[in-house]
Amino acid sequence: MKKIVFATNNANKLDEIRQILANKYEVLGLSDIGFNEEIPETGNTLKENASIKSQTIFRKFNIDCFSDDTGLEVNALNGKPGVYSARYAGKNATYSSNVDKLLDDMEGMNDRSAAFSTVISIIMDGKEYYFEGRIEGVITLTRNGVGGFGYDPIFKPNGYKETFAEMLPEIKNKISHRALATEKLVEFLVQRDYS
Ligand code: IMP
């Protein structure tokens with residue numbers, strides 16, 4: 001079976017993609033290839049950060065690989081936290097402190113529209129391709145739900161009554177930014193294999 005590296009240390013993301021690509025690709029994580037360093041996310045966009053991660057692995061191991069980067073873009077905050085979503089409340093930010101900061105920053109704001117965006121960069125045979133997944137929604141006034149992670153308790157996708165944190169994981173994982181980007185990636189890999 002063909003091997004591909006997913007440049008992530010996130011076990012949940014690895015499991016998810018392994019299930020999707022089962023029987024098609026053997027998906028290796030960074031620890032499987034003995035890479036235990038942090039890859040600094042120094043880019044100014046999700047695309048740059050995704051690219052930095054896959055380029056780092058490609059240059060070192062010369063192997064097909066992909067990576068992803070995600071951000072929450074709030075319209076009334078000119079797209080913030082965006083590429084800084086993981087560390088919005090500062091260097092030692094937690095999911096909870098990030099949510100608190102966002103709710104504080106949006107206090108009194110009427111336009112609560114926002115979108116989650118995931119960009120995947122993949123390098124196959126030395127050539128780089130990108131895929132984006134995006135879901136529009138609103139930032140709620142308070143936290144709702146205990147599922148998911150990150151900003152899930154305050155993000156309600158358009159057309160749904162619940163936040164991501166109130167949804168069954170099966171539903172979130174079908175409609176989410178990451179699911180949409182991953183779908184495009186899988187379509188690309190499958191088409192490549194059969195063409
Ligand atoms: P990453 O690029 O996937 O590591 O995501 C960066 C940050 O965006 C995370 O630390 C979370 O705060 C947030 N984030 C990413 N994906 C989700 C999601 O599906 N729900 C809620 N927050 C997310």
Side-chain angles (χ1 to χ4, degrees), residues 6-17 20 27 29-30 37-57 65-74 77 79-106 112-122 130-140 142-158 160 162-185:
F6 185 7
T8 185
N9 286 313
N10 183 320
N12 295 322
K13 287 187 187 175
L14 258 175
D15 274 353
E16 193 179 288
I17 197 83
I20 297 172
V27 183
L30 289 178
E37 298 156 41
E38 271 286 308
I39 304 176
E41 299 191 5
T42 51
N44 291 316
T45 61
L46 299 174
K47 192 172 170 181
E48 275 174 31
N49 275 343
S51 184
I52 288 168
K53 288 184 264 186
S54 46
Q55 291 286 354
T56 301
I57 297 308
C65 60
F66 63 94
S67 72
D68 71 344
D69 202 38
T70 295
L72 174 63
E73 295 162 3
V74 176
L77 300 176
K80 277 200 244 164
V83 73
Y84 305 108
S85 293
R87 45 190 191 281
Y88 190 43
K91 224 169 38 172
N92 299 315
T94 60
Y95 289 148
S96 185
S97 65
N98 282 334
V99 167
D100 284 339
K101 175 163 169 55
L102 188 56
L103 288 176
D104 279 355
D105 289 354
M106 291 190 72
R112 306 199 62 93
S113 61
F116 267 116
S117 173
T118 292
V119 176
I120 293 178
S121 144
I122 181 166
Y130 299 97
F131 304 101
E132 192 192 3
R134 197 175 171 80
I135 182 162
E136 309 273 343
V138 291
I139 303 299
T140 51
T142 55
R143 288 174 164 86
N144 292 285
V146 293
F149 69 97
Y151 298 92
D152 280 350
I154 57 165
F155 182 82
K156 188 152 60 101
N158 290 344
Y160 290 82
E162 312 97 5
T163 65
F164 268 168
E166 292 174 293
M167 280 179 184
L168 289 171
E170 301 91 277
I171 310 277
K172 180 193 165 191
N173 292 335
K174 249 193 209 126
I175 65 170
S176 80
H177 43 297
R178 202 165 15 259
L180 299 173
T182 306
E183 238 170 61
K184 291 181 189 169
L185 170 76

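For ligands, and for the atoms within them, numbers begin at 1 and follow the listed sequence.
In terms of protein heavy-atom proximity, atom 16 (N) of ligand 1 is closest to R178 NH1, 3.2 Å. Shortest contact from atom 4 (O) of ligand 1 to any protein heavy atom: K13 NZ, 3.9 Å. Distance from atom 8 (O) of ligand 1 to its nearest protein heavy atom, with residue and atom name: S85 CB, 3.6 Å. Among all non-hydrogen protein atoms, the one lying nearest atom 20 (N) of ligand 1 is D152 OD1, 2.6 Å.
Residue K13 qualifies as enclosed at atom NZ: its count of foreign heavy atoms under 6.0 Å is above 12.
Judged by distance alone, with hydrogens and angles left aside, the side-chain atoms of D68 form no donor-acceptor pair with the main-chain N or O of I120 at under 3.5 Å. Using modelled atom types, no side-chain atom of S67 and backbone atom of A7 make a donor-acceptor pair closer than 3.5 Å. No donor-acceptor distance shorter than 3.5 angstrom exists from the side chain of S51 to the backbone of K47, with no hydrogens or angles considered. With hydrogens and angles disregarded, a donor-acceptor distance shorter than 3.5 Å links the side chain of E48 to the backbone of N44.
Not one N or O of N98 is nearer than 3.5 Å to an N or O of ligand 1, by distance alone. Inclusion of K53 in the set of residues having an N or O under 3.5 Å from an N or O of ligand 1 is not warranted. Considering both main-chain and side-chain atoms, Y95 never comes within under 3.5 Å of ligand 1 through any nitrogen or oxygen pair.
At least one heavy atom of F116 lies less than 4.0 angstrom from ligand 1. Within the structure, the closest approach of H177 to ligand 1 falls below 4.0 Å when heavy atoms are considered. Not a single heavy atom of R87 sits less than 4.0 Å from an atom of ligand 1.
Considering every non-hydrogen atom in both P81 and Y151, the closest pair reads CG-OH, 3.9 Å.
Atom 12 (O) of ligand 1 has its nearest heavy-atom neighbour, among Y151, F149, Y84, F164, in Y151. Remark: among candidates T118, L102, N173, T70, the nearest residue to atom 2 (O) of ligand 1 is T70, based on non-hydrogen atoms.
For S113 and E136, the side-chain atoms include no donor-acceptor pair closer than 3.5 Å.
Of the candidates T163, D152, D100, R143 forms a side chain to side chain donor-acceptor pair (under 3.5 Å) with just one, namely D100.
Ligand 1 places these atoms under 4.0 Å from at least one heavy atom of K172: 18 (C), 19 (O), 20 (N).
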(Q) Determine whether E73 and L46 satisfy the following criterion, side-chain contact (heavy atoms from CB on, under 4.5 Å), listing intermediate values before the conclusion. (A) CA-CA 11 Å; E73 295 162 3; L46 299 174; 4.0 Å; yes
